[in-house]
Amino acid sequence: PHSRGRGGSDKAPGVFAAPEDAPSELNPVLQLPKGGRRGYALLPPLLKVLSDQGPRSWDSKAPRLQPDSRALRYMKRLYKMSATKEGIPKTHKGHLYNTVRLFTPCLECGHGHRDLVKGGVHSVDLLFNLDRVTALEHLLKSVLLYSFDTSVPISSSMTFICHLSIKEHDFASQVCPSISHSLAFSLHFEVSKRKWVEIDVTSFLQPLIATNRRNIHMAVNFTCLMGDPQQSTKLENPVNVTLVPPSLLLYLNDTSEQAHHRWNSLGHRSKSPVRVRPMNSPLVDHTGDKRKGNSQGKRA
Amino acid sequence: SRQRRNENVKAAPPTSPYNLSEYFKQFVFPQNECELHNFRLSFSQLKWDKWIIAPHRYSPQYCQGDCPRAVGHRYGSPVHTMVQNLIYEKLDPSVPKPSCVPAEYSPLSVLTIEPDGSIVYKEYEDMIATKCTCR
């Protein structure tokens with residue numbers, strides 16, 4: 001699991017209108033820091049309950065905080081995309097994650113999120129707590145998940161040219177420069193259909209997670225031009241497109257025993273008694289003509 | 001050998017149909033032979049539906065039944081299983097007979113709400129029994 005993913009970070013961070021498009025690209029696999037060992041103690045709730053004495057122990061620990069309904073709706077659709085009704089994981093290419101965690105901005109930490117729109121620039125101050133990520137969960141990809149609430153019906157299809165700049169506030173010491181990251185992307189979609197936009201921030205989050213940051217505090221400025229990129233675009237705040245503070249989505253590869261490993265199931269298949277014929281065997285016909293290969297085979 | 005066969009035929013008394021069925025009984029596999037049984041639960045029965053969002057129903061299945069004496073090829077059991085059966089039959093009945101247990105599993109995807117309110121999709125290994133064996 002320490003090898004870099006095939007895709008590496010050579011792909012410019014794109015924007016995925018989710019959840020129709022399955023997340024597909026790979027990103028460098030990250031070894032979560034030692035500090036994550038605390039997270040290791042927090043067994044996934046399913047196993048915690050199975051190892052405790054029956055569900056009563058869990059009832060007392062029902063989730064303290066109820067998740068955001070939009071986030072829940074998104075994850076239910078991700079579930080439908082990733083597993084059958086009976087809960088059997090679907091195997092489709094590029095589906096390398098066996099864990100996806102969705103964090104909503106931490107409200108109870110007193111920071112909540114400050115939200116202001118000035119001259120078309122939408123700024124929000126976010127704090128995410130990543131304590132639930134265990135030391136054995138390796139980051140594959142991370143995205144900011146924006147959901148668009150359009151209060152006024154707007155033309156069915158429109159083009160946004162957006163600039164996203166993210167600053168990491170480092171509480172510890174104001175001395176070290178806050179890591180900033182900005183990316184521009186154009187976004188064309190039918191707002192009426194797609195309520196979600198995934199913005200890939202893996203390359204931004206990578207150094208933060210690699211330095212064992214359990215609290216990710218970022219200021220996000222979101223500016224959108226509306227119009228046709230080819231024509232002259234003018235800065236204007238899309239008609240009443242209010243941006244709900246984004247959630248943070250982490251696609252992870254859990255390397256613990258209890259997690260399902262796709263490469264393992266592939267490996268399992270290769271254990272089946274299918275002999276791999278050496279290329280120089282008489283049965284393999286180099287001209288690729290199967291029939292001939294078979295007739296040779298019969299003769300051999 | 002022909003002479004011995006003739007002698008044997010003379011020796012063996014004609015078996016009545018009743019004895020015949022008794023005679024074959026020792027080869028028939030046990031009625032409730034070791035096999036996979038269906039079991040389906042919903043997380044609401046366990047009152048876990050507060051934090052397990054999906055799937056709503058889960059079929060872990062289970063293995064139950066007697067292990068026949070000739071387990072070799074049928075269950076892919078190791079030779080040790082037959083040795084254990086012999087020990088139980090011939091040497092020490094306090095040694096348990098081989099048990100009917102799962103041999104293969106399939107994974108399960110679960111969508112849960114964590115105590116801090118975050119949501120996690122996870123794929124767990126070995127959550128559904130798909131094949132039984134005698135061990």
Heavy-atom cut-off 4.5 Å, strictly under: side chain, backbone, both or neither for [X] against chain B?
{"X": "A:Lys76", "result": "both"}
{"X": "A:Leu250", "result": "neither"}
{"X": "A:Ser82", "result": "both"}

Picking from A:Ile88, A:Thr99, A:Thr84, A:Leu72, which has the most non-hydrogen pairs under 4.5 angstrom with chain B?
A:Thr99
Show me the donor-acceptor pairs, under 3.5 Å and distance only, between side chains in residues 128-135 of chain B and residues at least two apart or in other chains.
unit_1	atom_1	unit_2	atom_2	d
B:Thr130	OG1	B:Glu104	O	3.0
B:Thr133	OG1	B:Tyr75	O	3.1

When you compare the side chain of B:Lys122 with that of A:Glu137, does any pair of heavy atoms fall below 4.5 Å?
yes
Using a strict threshold of under 4.0 Å (side-chain N to carboxylate O), is an ion pair present between A:Glu86 and B:Arg40?
no
From [X] [atom1] over to [Y] [atom2], what is the distance, rounded to the nearest 0.5 angstrom?
{"X": "A:Leu102", "Y": "B:Tyr121", "atom1": "CG", "atom2": "OH", "result": "14.5 Å"}
{"X": "B:Thr112", "Y": "A:Met75", "atom1": "OG1", "atom2": "CE", "result": "8.5 Å"}
{"X": "B:Ser106", "Y": "A:His260", "atom1": "OG", "atom2": "NE2", "result": "9.0 Å"}
{"X": "A:His261", "Y": "B:Glu125", "atom1": "NE2", "atom2": "CD", "result": "6.5 Å"}
{"X": "A:Asp68", "Y": "B:Ser118", "atom1": "CG", "atom2": "OG", "result": "12.5 Å"}

Using atom types as modelled and distance alone, determine if a side-chain donor or acceptor of A:Tyr79 lies under 3.5 Å from a backbone N or O of B:Ile53.
no
Okay, B:Ser59 and chain A: the region with an atom under 4.5 Å from a heavy atom over there is neither
Any residue meeting salt bridge (charged side-chain N to carboxylate O under 4.0 Å, His left out) with B:Glu89, in chain and number order, not counting sequence neighbours:
B:Arg69
